[in-house]
Amino acid sequence: MDLASLLSSFLPSWISVCLLLGFFSYLGIVGSVLPGKLVPGANLADGTRLHYRCNGLLSLLSLVGLLVIGGWMDFVSLTAISDRGLELLSTTFIFSVIVTLILYVAGRKSNDRSASLKPHISGNLIDDWWFGIQLNPKFLGVDLKFFFVRAGMMGWLLINLSVVAKSIQDSKLSQSMILYQLFCVIYIMDYFFYEEYMTSTWDIIAERLGFMLVFGDLVWIPFTFSIQGWWLLSNKVELSTAAIVANCCVFVIGYLVFRGANKQKHDFKKNPKALIWGQSPKVIGGKLLVSGYWGIARHCNYLGDLLLALSFSLPCGISSPVPYFYPIYLLILLIWRERRDEARCAEKYKDVWAEYRRAVPWRILPYVY
Ligand code: NDP
């Protein structure tokens, strides 16, 4: 592809605008009407709590079901996304810029004093646009932060499914593609199955809604986490049985560690006496869990996530570094994030944290880091 045609494939068309707006409209409507567990968010500074309707899994399954029926009846093209990958990328990017400029203006004008909507204005336009002004802005009653995270994760799956449809259409469906897709489907379904865990994450509780979050959710997650699928569309990889088995082992171990560690902490925060691996939990200072995965390394959940990320790339073989973009990015991000979290916890828990560090000296991977 020459430079001119590459650049022209980034130009947004009306079809990509309609696809994006159609997707958001669908999510806005089903998110408000489909049944789902109403989960209270963290306590805000003024003592109030937001409530999140966790119906992401049902919304996603309904959407996939509708698309499959639509595709089967020749009503929608299942390759619509994979045929327009680059223009959808630029359309979503432009949307993120526009929506965060609107959020900036609305935030600056707001007189709301509640903790979720009170404007935080530094006066620096770039800072305020990048990090956002309000914690939980809404549009037509929809919490935009929760909405955008959901849209990003679903968008990743929709891109992947469209890439599969494309590879079937081109008669190029390979073992590698099936393996990559299967791992991602399990990971994304699992994410929505445990969607209520999202309501207590740092992004949802503490970050204001600005370009950084909106871009991360809508552009970064769906378009960079799917690079392996795009790459496999135009590259053939032969995998031996041993390689497939090893790849599945990396995925299963990663999943068990990732989900197990996050679940143990979640259960512990809800009930500090909840059994861990069938035993009463060991706790430091009444606040920090030292049992289970949290007694092996201080961020075992990051290790699980890194193994999962690696398992998404291994189906692509080792002939190119391109499909390894996601695990490499995640490694850098999680090392940096672990350092920031460590500093925050040291500040918050003081001596208790120092004792936890002595009891569990490893940060992410025992005997290595
Ligand atoms: P964590 O789930 O690791 O939570 C860290 C917090 O947990 C600390 O600030 C502290 O908060 C509490 N905590 C730490 N140690 C203990 C302990 N021993 N006992 C009890 N509580 C403890 O944070 P993240 O939000 O960073 O990660 C959540 C998940 O999201 C991870 O699995 C991560 O891999 C994943 N993630 C994925 C990304 C991606 O791009 N794929 C990006 C970022 C995260 P408190 O003050 O509440 O006690």
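As the structure is a computational prediction, the values presented were derived from the model and not from experiment. Whatever order the structure lists them in is the order used to number ligands and atoms, beginning at 1.
- In this structure, of His299, Arg337, Arg344, the residue bringing a heavy atom nearest to atom 44 (C) of ligand 1 is Arg337.
- Closest protein heavy atom to atom 1 (P) of ligand 1: Asn301 ND2, 3.6 Å.
- In this model, a donor atom of one side chain and an acceptor atom of the other lie less than 3.5 Å apart for Asp305 and Tyr187.
- By heavy-atom distance, the residue among Val360, Ile221, Leu330 lying nearest atom 38 (C) of ligand 1 is Leu330.
- Within the 3.5 Å criterion, the main-chain N or O of Pro12 finds no donor-acceptor partner in the side chain of Ser16.
- Contacts with ligand 1 closer than 4.0 Å are made by no heavy atom of Ala261, backbone or side chain.
- Contact annotation for Leu333 and ligand 1: only side-chain heavy atoms (C-beta onward) come within less than 4.0 Å of the ligand.
- Short contacts between ligand 1 and Phe258, defined as distances under 4.0 Å to a heavy atom of the residue, involve ligand atoms 32 (O).
- Using a cut-off of 4.0 Å between Lys/Arg side-chain N and Asp/Glu carboxylate O, Arg259 and Asp190 are scored as salt-bridged.
- In this structure, atom 30 (O) of ligand 1 has its sub-4.0 angstrom surroundings free of protein heavy atoms.
- The proximity of Arg298 to ligand 1, defined as any non-hydrogen pair under 4.0 Å, does not occur for either the backbone or the side chain.
- Given atom 36 (N) of ligand 1, the protein heavy atom at minimum distance is Asp305 OD2, 3.6 Å.
- Within ligand 1, the atoms closer than 4.0 Å to a non-hydrogen atom of Cys345 are 8 (C), 9 (O), 10 (C), numbered from 1 in the order shown.
- Side chains of Ser226 and Asn160: a donor-acceptor N/O pair is absent below 3.5 angstrom, by distance only.
- Side-chain atoms of Ser114 and Asp112 include a donor-acceptor pair closer than 3.5 Å.
- Distance from atom 22 (C) of ligand 1 to its nearest protein heavy atom, with residue and atom name: Lys265 CD, 3.7 Å.
- The single protein non-hydrogen atom nearest to atom 27 (O) of ligand 1 is Tyr302 CE1, 3.7 Å, given as residue, atom name and distance.
- Separation of atoms CG (Asn247) and CG (Leu179) is listed at 5.0 Å; rounding is to 0.5 Å.
- An N or O contact shorter than 3.5 Å is missing between Trp353 and ligand 1 by distance.
- Under 4.0 Å from ligand 1, heavy atoms of Leu288 appear from its side chain as well as its backbone.
- With a 4.0 Å heavy-atom cut-off, ligand 1 is reached by the side chain of Asp341 but not by its N, CA, C or O.
- Panel note: side chain Ser162, backbone Leu78; a donor-acceptor pair is recorded below 3.5 Å.
- The protein heavy-atom contact nearest to atom 32 (O) of ligand 1 is Asn262 ND2, 3.0 Å.
- Using a 4.0 Å cut-off to heavy atoms of Tyr356, the atoms of ligand 1 that qualify are 18 (N).
- Taking a cutoff of 4.0 Å between a charged side-chain nitrogen and a carboxylate oxygen, Glu238 and Lys236 qualify as a salt bridge.
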From CA spacing to verdict: side-chain hydrogen bond (donor to acceptor under 3.5 Å, both in side chains), Ser5, Asp2:
CA-CA 6 Å; Ser5 53; Asp2 61 30; 2.7 Å; yes
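- In terms of protein heavy-atom proximity, atom 46 (O) of ligand 1 is closest to Lys348 NZ, 2.5 Å.
- With respect to atom 48 (O) of ligand 1, the closest heavy atom belonging to the protein is Tyr349 OH, 2.3 Å.
- A side-chain N or O of Trp353 and one of Glu342 form a donor-acceptor pair less than 3.5 Å apart.
- For atom 41 (N) of ligand 1, the closest non-hydrogen atom of the protein is Tyr326 OH, 3.3 Å.
- Checking each of Phe223, Phe225, Phe192 against Trp156 for a ring pair (Phe, Tyr, Trp, His ring centres under 6.0 Å) leaves exactly one that passes, namely Phe225.
- Remark: the Asp203 side chain and the Thr201 side chain contain no N/O donor-acceptor pair separated by less than 3.5 Å.
- Taking a 4.0 Å cut-off on heavy atoms, Lys269 registers as neighbouring ligand 1.
- Counted within 6.0 Å of CG on Asp351, heavy atoms from surrounding residues, nucleotides or ligands total 12 or fewer; the atom is thus considered open.
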